[in-house]
Trainee: 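Have a look at the structure that comes next, please.
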2 protein chains.
Amino acid sequence: MANIQQIAQKAGVSVATVSRVLNNATSVTPQTRHKVEIAIKELKYEPSMLGRNLRNSESRLLLVLLPSISNPFYNEIINGIQNTAIAKNYNILLCETDSKPERENIYFNMVKNKLADGVISMDPTVNMQKLNELAENHPVILCSEYEEGGSIPYITVDSELAAYQAVKHLIKLGNERIALINSDEKFLYARLRRAGYERALKEFNLPIRDEWIYHTKDLEFEHGVQAMRMLLQSEEKPTAVFAVSDTLAIGALKAINGGGDTPNPIAVVGFDNISFSSMTNPTLTTISQPMFKMGSLAADMLMNSIKGDRVESIVLDHELIIRESTMG
Amino acid sequence: MANIQQIAQKAGVSVATVSRVLNNATSVTPQTRHKVEIAIKELKYEPSMLGRNLRNSESRLLLVLLPSISNPFYNEIINGIQNTAIAKNYNILLCETDSKPERENIYFNMVKNKLADGVISMDPTVNMQKLNELAENHPVILCSEYEEGGSIPYITVDSELAAYQAVKHLIKLGNERIALINSDEKFLYARLRRAGYERALKEFNLPIRDEWIYHTKDLEFEHGVQAMRMLLQSEEKPTAVFAVSDTLAIGALKAINGGGDTPNPIAVVGFDNISFSSMTNPTLTTISQPMFKMGSLAADMLMNSIKGDRVESIVLDHELIIRESTMG
DNA sequence: CTGAAAGCGCTAACAA
DNA sequence: TTGTTAGCGCTTTCAG
């Protein structure tokens, strides 16, 4: 556990020179550099980031806020963030809020306390007011979920359009009674996806019935199961379902399969294209978001923001992936 | 972005006193404390962890190494770690190695560089030699995967026994041709689970045939699908399969279902009890590990180790969860 | 090209 | 109870 002083002494140079060697500054003769490197090897020296970070007043840590790691949707986004961050010598701190404000506070404090240089929030349950406050003095990027007309830069997909296309796909297949499994409409994405759902139905003069719209508490599989069970009990059963998340859609599929003798299989479309969605039986038709790219760009945006650059919001393209769950 | 000096000045006290207030030291009069608190509020002061960490030479960050976040098995463990860590004012840095040594190096350096106070490794692909080296000077705990006879404390379950019980369950059901979908046997858990599989078969005088043992590259679903496809092509088809991970088992289920008209359904047992395992069709019989508890205890072990305490390894209990995939 | 020295923001020993 | 002061380990002017 040697420090820079001891290296300097051992190498017979000043600490400044050691620092120069460490940071690959040009102005060091090969000989001096060599002496220093020898000393570093011999003493097994590892520079302390604590000192460096204080001096540079940066932590090179990025916070990534998400409600829960258990939704696989976040996996690929995180991969994207991580990849890009590491390439620029940043690291990421994954922060599960569990939708609890206390947790959120802890993490917000970390950036106020300089323990993190910026935040990427993917958490729809985040307290936007606090986040906006934080954003006044610290770099913040929204990923996936965002605030319409807000001042924080975001990266997302067009949820309304995607939902519209998903439902239109169901309509083209001949479905006229189409249900929606939505999450809480306090979330923007939920409102947008509902809007897309309604737009498609209206366009084809199909009924929008409250009975066919179910709101879940969160996105866990179980809630999809529960939602579908309710829908199957409605007087006029829907023939198709659009769920705003793959996890819910997979739960719905489960309820449909588990229902015993459903004469006409019910078509299901999900949203996200998580890896499980091709493992279900039937495999799931879904909207694919470019998750890796989204994460990667979000990281770029944040790092640029930390550098002091102005960053623009981005809307990425999505794609409808047609699989067995809408093939009769 | 005030600092402690400015607070001191504003409050008309010394920086030491401000520090005392910040750290709830007892020896401060209510009046002085009040003055300081006023100043903190007025200047919207947030203490910098950078300074504190340097001074205390700690980062209060724990590294959690795992091969990939995409295996849901790790989710609950991480929750357990996180919960326990946060309660003691630590935070965790999730590190996906993607089984790449370069990545691993980055993370090892973080602890050498004092950017993290210790490591919990859940990564079977970790370079044990390097990890042992690291453990000589830094707190390290192994979680789930461990090293037999090694010097690093670990927390795990009895993989051999669990596998034995899983296979015995299949035998009791009348299966005599039981296949094994294993991962690479360079991993200890893979060797142990195979040993348990063989012990059960031997005990009942059932054949152990190479043809029925398939090794996968990693634990992704797709490899389970592929493994099962191969097994289904063997001359004498197995009537049951034990897969060493739920992800592989789910892939196997997929291959069985997708195989069209398999007259006798094939019984499948997995390992881990990930949340998705009750969403498949049929639902999956599996070995449940106490994941949350495992994570929680691992965090405790690590924090104790950081404090300088000696920590003992732990073997936790598991449980066989019987579901539809072994119910004909 | 190299060294001396200041200072990043904080804590803790020692004095008063 | 409070203040003074010396660092924690590093980077970076400024001189030489």
Side-chain angles (χ1 to χ4, degrees), chain A residues 1-40 43-61 89 109-117 137, chain B residues 1-40 43-61 89 109-117 137:
Chain A
M1 303 301 96
N3 63 22
I4 201 172
Q5 297 259 25
Q6 302 173 32
I7 301 303
Q9 196 169 353
K10 178 122 191 158
V13 300
S14 72
V15 290
T17 301
V18 178
S19 175
R20 288 186 187 108
V21 171
L22 255 29
N23 295 286
N24 294 312
T26 43
S27 56
V28 185
T29 25
Q31 296 93 311
T32 328
R33 170 179 299 275
H34 188 66
K35 277 195 298 183
V36 173
E37 279 164 350
I38 296 287
I40 289 177
L43 270 54
K44 296 190 181 173
Y45 168 64
E46 302 280 351
S48 159
M49 290 303 156
L50 263 25
R52 174 178 297 177
N53 287 348
L54 173 58
R55 175 60 218 226
N56 296 345
S57 69
E58 63 172 15
S59 65
R60 299 202 83 81
L61 242 37
N89 254 298
N109 280 332
M110 290 186 70
V111 11
K112 291 184 190 159
N113 294 339
K114 302 257 175 198
L115 242 180
D117 295 342
N137 297 305
Chain B
M1 302 300 95
N3 63 21
I4 201 172
Q5 297 258 25
Q6 302 173 33
I7 300 303
Q9 196 168 352
K10 178 119 190 160
V13 299
S14 72
V15 291
T17 301
V18 178
S19 175
R20 287 186 188 108
V21 171
L22 255 29
N23 296 286
N24 294 312
T26 45
S27 58
V28 185
T29 26
Q31 295 93 311
T32 328
R33 170 179 299 275
H34 188 67
K35 278 195 297 183
V36 172
E37 280 164 350
I38 296 286
I40 289 178
L43 271 55
K44 295 190 182 173
Y45 168 65
E46 303 280 352
S48 159
M49 291 302 157
L50 263 28
R52 173 177 297 177
N53 287 348
L54 173 58
R55 175 61 219 224
N56 296 345
S57 69
E58 64 172 13
S59 65
R60 298 202 83 82
L61 242 37
N89 254 297
N109 280 331
M110 290 186 72
V111 10
K112 289 185 191 157
N113 295 338
K114 301 259 176 197
L115 243 178
D117 295 342
N137 297 304

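Proteins come first, then strands; the chains are lettered A, B, ... in the order of their sequence lines, and each starts at number 1.
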Trainee: So, OP1 or OP2 of C:dC10: does either fall under 4.0 Å of a side-chain N or O from B:Asn56?
Mentor: no
Trainee: Can you tell me if the side-chain N/O atoms of B:Thr32 get under 4.0 Å from OP1 or OP2 in D:dT2?
Mentor: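 Looking at the OP1 and OP2 atoms of D:dT2, one of them is under 4.0 Å from a side-chain N or O of B:Thr32.
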Trainee: Across the strands shown, which category fits A:Leu50 at heavy-atom distances under 4.0 angstrom: base, sugar-phosphate, nothing?
Mentor: nothing
Trainee: Stems involving DNA chain D: give each as a range paired with a range, ordered by first number, where a stem means at least three consecutive Watson-Crick or G-U wobble pairs under 3.5 Å.
Mentor: C:1-16 with D:1-16
Trainee: Return the value, rounded to whole Å, for the distance between atom CD of A:Gln5 and atom P of C:dG3.
Mentor: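 Going from A:Gln5 (CD) to C:dG3 (P), I get 13 Å.
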Trainee: Taking the nucleotide of DNA chain D with the nearest heavy atom to each, does B:Gly51 or B:Arg33 sit closer to the 5' end?
Mentor: B:Arg33
Trainee: Output the rounded distance in Å from CZ (A:Arg20) to P (C:dG3).
Mentor: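 Nearest whole value for this atom pair: 8 Å.
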Trainee: Which part of the nucleic acid, if any, lies within reach of B:Val18 when heavy atoms closer than 4.0 Å are counted: base, sugar-phosphate only, or nothing?
Mentor: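 Nothing, no nucleic acid heavy atom in range.
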Trainee: On the nucleotide D:dT4, are OP1 or OP2 found under 4.0 Å from the side-chain N or O atoms that B:Ser14 carries?
Mentor: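 Indeed not, no polar side-chain atom of B:Ser14 lies that close.
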Trainee: Apply side chain to side chain contact (heavy atoms under 4.5 Å, CB included) to the pair B:Thr29 and B:Lys35, showing each step before the final yes or no.
Mentor: CA-CA 10 Å; B:Thr29 26; B:Lys35 278 195 297 183; over 6 Å; no
Trainee: Would you please confirm or rule out a distance under 4.0 Å between OP1 or OP2 of D:dC10 and any side-chain N or O of A:Asn53?
Mentor: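 The answer is no; no side-chain N or O of A:Asn53 sits under 4.0 Å from OP1 or OP2.
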Trainee: Roughly, in whole Å, what's the span from CD1 in B:Ile4 to P in D:dG7?
Mentor: 19 Å
Trainee: What contact category does A:Ser48 fall into here, base, sugar-phosphate, or nothing, at under 4.0 angstrom with non-hydrogen atoms?
Mentor: sugar-phosphate
Trainee: For a 4.5 angstrom cut-off between non-hydrogen side-chain atoms, does A:Arg20 reach A:Thr17?
Mentor: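 Result yes, sub-4.5 Å side-chain heavy-atom pair found.
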Trainee: Once you round it to whole Å, what is the distance between C1' of C:dC10 and CG of A:Leu54?
Mentor: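 From A:Leu54 CG to C:dC10 C1': 8 Å.
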Trainee: Verify the contact: side-chain N or O of B:Thr29 to OP1 or OP2 of D:dT2, cut-off strictly under 4.0 Å; return yes or no.
Mentor: yes
Trainee: Across the strands shown, which category fits B:Thr17 at heavy-atom distances under 4.0 angstrom: base, sugar-phosphate, nothing?
Mentor: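 If one applies the 4.0 Å heavy-atom cut-off, B:Thr17 turns out to touch the sugar-phosphate alone, with no base involved.
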Trainee: So, does A:Arg52 get its side chain near the phosphate of D:dG9, meaning an N or O under 4.0 Å from OP1 or OP2?
Mentor: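 A:Arg52 to D:dG9 OP1/OP2: no side-chain N or O under 4.0 Å.
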Trainee: For the pair made of CD in B:Gln6 and C1' in C:dC10, what is the distance, rounded to whole Å?
Mentor: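 From B:Gln6 CD to C:dC10 C1': 14 Å.
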Trainee: Atom CG of B:Asn23 to atom P of D:dT2: distance rounded to whole Å?
Mentor: 16 Å
Trainee: Less than 4.5 Å apart, side chain to side chain, heavy atoms only: is that true for A:Val36 and A:Ile40?
Mentor: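 A:Val36 reaches A:Ile40 side chain to side chain.
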Trainee: Just N and O in the side chain of B:Ser19: are any of them under 4.0 Å from OP1 or OP2 of C:dT11?
Mentor: yes
